[in-house]
Amino acid sequence: MPSFAAGVVRFQNDVYPEKKELFEKLSKGQSPEALFITCSDSRIETAMITQTDPGELFICRNAGNIVPPHVTFTGGMTASIEFAVAALRVPHIVICGHTECGAMKGAMNPEGLDSLPHVKEWLSYSKAAVDVVDELAPDADEDERMKMLLEQNVILQIQHLKTHPSVARRLAKGDLKIHGWVYDIKTGGVSAYDEDENTFVSVETRYAEEVAKAVGKHNCAA
Ligand SMILES: [Zn+2]
């Protein structure tokens, strides 16, 4: 038996009873605050990082947190984006990359991926980000180039996201916000893209106003 099967039993006995009301409420529908697109990497725990409950994030995960540009054939990402944006009408979309990303290492060195043809082809959706890094920092060391690639890949996938008609429509209406994040597995840090400054800053800085409000609310409740 895999160890996580015993986890299900523990969930049913210990965790579920404490949140029974929440689960009963969720059985009637969902109204998530964000479509959260991140990498499949096992080290990313979205609920833990964002301290959210079930029902708060509509999550799409794939190798490299990639959003293929809109095309006329159907794919899992395209359908999920359309559903979240046009049907659930999420007010936010987050694309969240992360440090130590195997997919981005592959994108940087695609010649090592010959035995993984699907991975190789999938990562071609990040090729433009690799090219931007080559252009901006041809002589930088490997660590610096990888840090840049994680950020440039998030920026590129935001551009791809905007080609999806459901997203373009909501952006035109002005009731959808797109966020680009990079999560640091080792430190727990999360940086967020500041579009105006074209740079990544800490979440505390990027969302200073919202964080202050949330802390105020938390203190009032306590
Ligand atoms: Zn990854």
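Atoms within each ligand, like the ligands themselves, are counted from 1 in listed order. Along the sequence shown, the residues carry numbers beginning at 1.
Below the 2.8 Å limit, the Zn ion (ligand 1) has as protein N, O or S neighbours Cys39 SG, His98 NE2, Cys101 SG.
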CA sep, side-chain torsions, deciding dist, call: Val130, Leu149, side-chain contact (heavy atoms from CB on, under 4.5 Å): CA-CA 6 Å; Val130 177; Leu149 178 58; 3.8 Å; yes
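Cluster membership check: Leu171 shares its hydrophobic cluster with Val154, using side-chain heavy-atom separations under 4.5 Å among Ile, Leu, Val, Met, Phe, Trp and Tyr. Linking ILVMFWY side-chain heavy atoms closer than 4.5 Å, directly or via other members, places Phe200 and Val132 in a single hydrophobic cluster.
For the salt bridge (Lys or Arg N to Asp or Glu O under 4.0 Å) condition, the pairs that include at least one residue of residues 74-93, sequence neighbours left out, are Arg89-Asp175.
With no hydrogens or angles considered, no side-chain donor-acceptor pair links Glu121 and His118 at under 3.5 Å.
In Glu209, the CD atom is not crowded: 12 or fewer heavy atoms of neighbouring residues, nucleotides or ligands sit closer than 6.0 Å.
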